[in-house]
Amino acid sequence: MPHVLCLRPIHDDAIALLCASPGVTVEVLDPVTPETLAARIAEADAITVRLTRVDASVIARAPKLRIVARHGVGYDAVDVEALTARGIPLTVTPDANAVSVAEHALMLMLTIARQTIALHARTKAALWGFPADLPTFDLAGRTVLVIGFGRIGGRVARLCAAFGMTVLVRDPYVPRNTIIGAGFAPADDLEAALARADIVTLHCPATAETRGMVDEAFLKAAKPGVVLINTARGTLVDEPALAAALASGRVAAAGLDVFAVEPVEPGNVLLQAPNVVLLPHSAAATAESMRRMAMSCAESILACFAGRLDPQVVVNPEVLRRNA
Amino acid sequence: MPHVLLERPLHPAGRAILDARAGVTVEVAADAGDFTARAAKADAILLWLGRVDAAFLDRCPNLKVVARYGVGYDTVDIAECTRRGLPVAVVNGANDVGVAEHTMGLLLAVARQIPAYDRMVKAGEWRSVDGPPIGELAGRTVLVIGYGRIGTRVARLCAAFGMRVMVHDPAFPTPRIAADGHIPAPDWKAALADADVVTLHCPLHEGTRHLIDADAFARMKTGVWLINTARGPVVDEAALVAALRSGKVAAAGLDVLTVEPAEKDNPLFGFDTVILSPHSAAAAQETLARMAVRAAHNILDALDGRIDPGFLVNPEVLRRNA
């Protein structure tokens, strides 16, 4: 009787899909605390994970665990090595949130370009007109540097092109010809691309290679007055360096959906920085995306129980070969 | 010596073109009263939001062209200008990119409830998945009402976001709408029942005043989003307030209001899901410069007797004057 433990609720349609499978039982843990988790994890054949940290100690207390299904695409809160050592696949929901996150990135660009937040507040206060210290700009004709050309970055690049922007793409793991074939300009030389770009938008995972990528040197190489958009991971950015660049005007504005520490801490320097649009990691929180992520988790869990898990959604596919 | 009167200071990109013309004098009015007084001596006037009617024109015997810094012309009595053989010039083509982008900006801001989320994060409230409901554009159906320079761009952008795009424009052949890849909606009232988003891109005239009234709202889907970057009076604001109150309209993005500048007690300001901007769709730096350049050329070309009829609201005056 496989038991699925959901660490925080997921969409009702996904719970229904799991429950409809003969022999599968489902339990929703909410809230998830070290105590509630410790009490129930031993029973779980499968867990769905939203924001809970799944480290080696959690995994060690789950002797029956056969699959960890991440509700999302990032997995920096999951100890992949510990799972791989046990032969447990970690799945993500790669196709569920790309549309939503890409739209969110464009929304942040337009919110900054149109001064949406400041002008909304002024209008509500019956202050009409657009003062010179709230300049607005068109995206058309601007140059954007898209860093990371995966499912999300690819969509962002296409949307930017639809707005009439010049699109530069930086991704050392994608062949130049793939980028050129998609209609964009590969940015082989990061510094040269930074010097050209009016907007830089991040769409790469947080890895040892990318963590802290947007540091003082990166921001110095960027065009003065650049706009930074981050809907990827907060740890890609050196937050004090960004706050300083915003304060000096070197970076004109930033749209940030993610922070190095989340929930964002009261002392985070970016909370007080000028010209920032700050969001609570809500890029993939649309109704449509939440449902797709939940359904994808449920499908992966059922496929795992049936022994036919799609390697495309598995972060550590080597465990599938070993298990076979 | 032709004399040009500007209602307000013109963006330097346009002002330079006027100043470079030998023999043309330019002055800027201090305020509305000053504008009316000085217009008596003007050969050309450039209007922002100033009104031009028969009484105004009676006081301007020298006037040869009425130019607007914008594309709307609901502030000008066109019939009266035409009767007097006065060309009315607008800056067609200068602001469509900016207004279309602003429309998408409002639509995405509505979809993501951006002011509320930003405010929560800055106030220390972290609600990544349990905040106000938010949605995607992809897969939603939009009804674009008005398929002119701006509406065509908005339709293309909506399609790029993966939306299903329906288009209504009585002045545009339906086969062309279909050829552009969109769904023609000749019966726009029927199409309202099918739309998740309604966005307005028609001019304001007697036929479009209160186009979106209580009856139109009644035909819409519950939870619809309304975007207006056209003109405030195209929407019956009292009916919109009622539709927001009942939940028929879930959210709205409005760049224009019935009364502008906005009045403090506008009941629309009481809804968290209504996102507002101060008629700033065409206020991006690039757009302001393009509009100023076009307006300056319109004035000089009209004074030179060689204005492109494409920039006139009433091109029939050219044939008559010829």
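Computation of the quantities below employed the complete heavy-atom set of this structure, encompassing side-chain atoms and omitting hydrogens, waters and symmetry-equivalent molecules. For clarity, every value in this text was computed on a predicted model and none was experimentally measured. Quick note on labels: first sequence line is chain A, next is B, and so on, each numbered from 1.
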Based on non-hydrogen pairs under 4.5 Å, which of B/Glu125, B/Arg119, B/Lys122 is most in contact with chain A? B/Lys122
Given heavy-atom pairs under 4.5 angstrom as the criterion, report whether the side chain, backbone, both or neither of A/Met109 touches chain B. neither
Above 12 or not: heavy atoms from other molecules or residues under 6.0 Å from CZ of A/Arg196? no
Could you tell me the separation between the OG1 atom of A/Thr36 and the CG atom of A/Asp30, rounded to the nearest 0.5 Å? 8.5 Å
B/Ser128 and A/Ser282: CA distance, side-chain angles, deciding distance, side-chain hydrogen bond (donor to acceptor under 3.5 Å, both in side chains) verdict: CA-CA 5 Å; B/Ser128 55; A/Ser282 59; over 6 Å; no
Segment of A/Pro135 engaging chain B (4.5 angstrom heavy-atom cut-off): both
Please report the interatomic distance CD1(A/Ile152) to NE2(A/His203), rounded to the nearest 0.5 Å. 7.5 Å
Side chain, backbone, both or neither: which part of B/Met120 has an atom under 4.5 Å from a heavy atom of chain A? neither
Could you check which of A/Arg155, A/His281, A/Glu288, A/Gln272 has the highest count of heavy-atom pairs closer than 4.5 Å to chain B? A/Glu288
Start with the C-alpha gap between B/Tyr117 and B/Trp126, add the side-chain angles, then the distance that decides, and say whether ring pair (Phe, Tyr, Trp, His ring centres under 6.0 Å) holds. CA-CA 9 Å; B/Tyr117 273 87; B/Trp126 186 265; over 10 Å; no
Decide if atom CZ of A/Phe130 counts as having more than 12 heavy atoms of other residues, nucleotides or ligands within a radius under 6.0 Å. yes
Scan side-chain atoms only and decide if A/Asp76 and A/Thr235 contain a donor-acceptor pair under the 3.5 Å cut-off. no
Max heavy-atom pair count under 4.5 Å with chain A, selected residue of B/Ile114, B/Leu288, B/Leu254, B/Leu107: B/Ile114
Of the listed residues (A/Leu106, A/Val264, A/Thr111, A/Asn268), which shares the most heavy-atom pairs with chain B below a 4.5 Å separation? A/Val264
With a 4.5 Å cut-off on heavy-atom pairs, point out which of A/Asp257, A/Leu278, A/Leu110 contacts chain B the most. A/Leu278
Comparing A/Arg8, A/Glu265, A/Glu262 against chain B, the one with the most heavy-atom pairs below 4.5 Å turns out to be A/Glu262
Among all residues two or more places apart in sequence or in another chain, which pass the side chain to side chain contact (heavy atoms under 4.5 Å, CB included) test with B/Asp130? B/Arg127
In plain terms, say whether B/Arg231 and B/Glu260 are close enough for a salt bridge, that is, a side-chain N and a carboxylate O under 4.0 Å apart. no
Donor-acceptor check, side chain of A/Glu239 to backbone of A/Ala260, threshold 3.5 angstrom: yes or no? yes
Proximity breakdown for A/Arg50 and chain B, heavy-atom pairs closer than 4.5 Å: side chain
Between B/Leu106 and the options B/Asn228, B/Thr199, B/Asp255, the side-chain contact (heavy atoms from CB on, under 4.5 Å) test singles out B/Asp255
Side chain to side chain contact (heavy atoms under 4.5 Å, CB included) between B/Val142 and B/Asp196, intermediate numbers included: CA-CA 6 Å; B/Val142 60; B/Asp196 302 300; over 6 Å; no
Test: B/Asp118 and B/Arg112 ion pair at under 4.0 Å: no
Inter-chain contacts: residues 262-276 of chain B against chain A, heavy atoms under 4.5 Å: B/Ala262, B/Glu263, B/Lys264, B/Phe269, B/Phe271, B/Asp272, B/Val274, B/Ile275, B/Leu276
If we define contacts as heavy-atom pairs under 4.5 Å, which of A/Thr136, A/Leu108, A/Leu51, A/Ile117 has the most with chain B? A/Thr136
Once side chain to side chain contact (heavy atoms under 4.5 Å, CB included) is applied, do any residues pair with A/His11, and if so which ones, sequence neighbours excluded? A/Asp13, A/Arg291, A/Ala294
So what's closer than 4.5 Å to chain B heavy atoms on A/Arg122: side chain, backbone, both or neither? neither
For the interface with chain B, which of A/Ala125, A/Ala118, A/Ala285, A/Pro263 has the highest count of heavy-atom pairs at distances below 4.5 Å? A/Pro263
Evaluate A/His120 against B/Ser277 for side-chain hydrogen bond (donor to acceptor under 3.5 Å, both in side chains), listing each step before the verdict. CA-CA 5 Å; A/His120 170 74; B/Ser277 55; over 6 Å; no
Spell out the residues in residues 159-167 of chain A that have some non-hydrogen atom less than 4.5 Å away from a non-hydrogen atom of chain B, in order of number; otherwise answer 'none'. A/Leu159, A/Ala162, A/Phe163
Which atoms of A/Ser100 approach chain B - backbone, side chain, both or neither, heavy atom under 4.5 Å: both
Among A/Leu119, A/Asp138, A/Leu139, the one residue meeting side-chain contact (heavy atoms from CB on, under 4.5 Å) with A/Arg114: A/Asp138
